[in-house]
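Presented below is the structure to which this report refers.
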Number of protein chains: 2
Amino acid sequence: MEQEAVVTALAALAQDSRLRVFRLLVTAGPDGLPAGQIAEELAIAANTLSFHLSHLKAAGLVTMRRTGRSLIYAAEYGRVQAVIAYLTENCCRRQSCCDGTDEP
Amino acid sequence: MEQEAVVTALAALAQDSRLRVFRLLVTAGPDGLPAGQIAEELAIAANTLSFHLSHLKAAGLVTMRRTGRSLIYAAEYGRVQAVIAYLTENCCRRQSCCDGTDEP
DNA sequence: TCCATGATTCTAGAAATATAGAAATATAAG
DNA sequence: CTTATATTTCTATATTTCTAGAATCATGGA
């Protein structure tokens with residue numbers, strides 16, 4: 001994963017409403033939730049939520065599909081895992097490791 | 001970890017220069033690096049770097065200590081792990097899990 | 001004490017972001 | 001075809017963030 005994409009993903013999550021949306025979708029699992037239900041559960045105006053969902057989608061953190069009139073959003077869990085991998089990779093190359101032990 | 005602190009940490013990492021600084025410090029390990037060396041390695045102006053380091057420090061992602069005239073910064077690895085835990089907790093409560101298996 | 005070095009703080013302007021109201025789009029149902 | 005529902009897009013404004021230059025602070029050595 002490239003740094004630019006990681007920054008975009010982190011920026012997408014670095015906002016109160018979006019982080020709440022993402023975490024709600026994480027608990028919802030692969031089936032996801034329609035935008036309207038997200039808006040209701042989190043008490044966010046529909047247009048504002050749409051703005052935030054577009055951020056999350058652009059960052060690859062959620063997917064969208066249509067079912068009838070509803071647009072269903074679901075967390076793209078693998079994307080977060082890639083971001084996490086980027087953050088933690090190459091830990092302590094110049095020193096012993098920082099996970100508590102003193103082994104290199 | 002509380003959501004507000006998580007948002008602060010994510011926002012601190014959601015910027016190109018700061019993410020590069022943090023990753024450099026991760027590779028440097030617990031001994032950290034002096035600000036001047038970070039500035040040199042990443043080609044960031046001293047005052048700009050100081051601005052970014054203060055963000056990372058406020059977010060709890062780095063620690064600072066003085067040695068002579070140098071201020072040594074080191075990655076606070078545990079903080080990132082707490083953020084990661086917050087992002088990934090409560091995965092798929094309403095559905096079967098999203099890690100590949102179909103178990104709840 | 002005086003000077004050099006390492007780093008931060010202050011200030012200001014440019015750029016990006018968040019929010020809300022109004023209007024528009026897509027789908028479904030009568 | 002008309003209406004209702006679900007959601008997005010447009011527009012404008014308020015706020016935050018990033019960057020750079022100048023000034024300041026802290027430490028160590030001559």
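Letters go in sequence order (proteins before strands), and every chain restarts at 1.
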Selection residues 12-26 of chain B - residue pairs positive for side chain to side chain donor-acceptor pair (under 3.5 Å), sequence neighbours left out: A/Q3-B/D16, A/E89-B/R23, B/D16-B/R20, B/R18-B/H52
Report the residues that fulfil side chain to side chain contact (heavy atoms under 4.5 Å, CB included) with B/A45, sequence neighbours left out, ordered by chain and then residue number. B/N47, B/T48
Taking DNA chain D as the partner, which of residues 66-76 of chain B come within under 4.0 angstrom of it by heavy atom? B/R66, B/G68, B/R69
In chain order, what residues pass the side chain to side chain contact (heavy atoms under 4.5 Å, CB included) check against A/A82, with sequence neighbours excluded? A/M1
Please collect all ring-ring contact (aromatic ring centres under 6.0 Å, His included) contacts where either partner lies in residues 6-26 of chain B, sequence neighbours excluded, each pair once. none
For nucleotides 9-18 of chain D, 5' to 3', base contacts (B), sugar-phosphate-only contacts (S) and non-contacts (-) with protein non-hydrogen atoms under 4.0 Å give B--------S
Along DNA chain C, 5' to 3', what are the outermost nucleotides having an atom less than 4.0 Å from a heavy atom of chain A? C/dA18 to C/dA28
Using distance only, find each side-chain donor-acceptor pair of residues 58-69 of chain B under 3.5 Å and give its atom names and separation, not counting sequence neighbours.
from: B/R65; atom 1: NH1; to: B/D31; atom 2: O; distance (Å): 3.4
from: B/R65; atom 1: NH2; to: B/D31; atom 2: O; distance (Å): 3.1
from: B/R66; atom 1: NH1; to: B/G68; atom 2: O; distance (Å): 3.3

In chain order, what residues pass the side chain to side chain contact (heavy atoms under 4.5 Å, CB included) check against A/S50, with sequence neighbours excluded? none
Is there a continuous path of hydrophobic side-chain contacts, each under 4.5 Å between heavy atoms, that joins A/L71 to A/L53? yes
Show your reasoning for whether side-chain contact (heavy atoms from CB on, under 4.5 Å) applies to A/I84 and B/T88. CA-CA 10 Å; A/I84 290 170; B/T88 60; 3.8 Å; yes
Residues which pass ring-ring contact (aromatic ring centres under 6.0 Å, His included) with A/Y86, listed by chain and number, not counting sequence neighbours: none
When every non-hydrogen atom of B/G32 is compared with those of B/I72, the smallest separation belongs to C-CG2, 3.9 Å
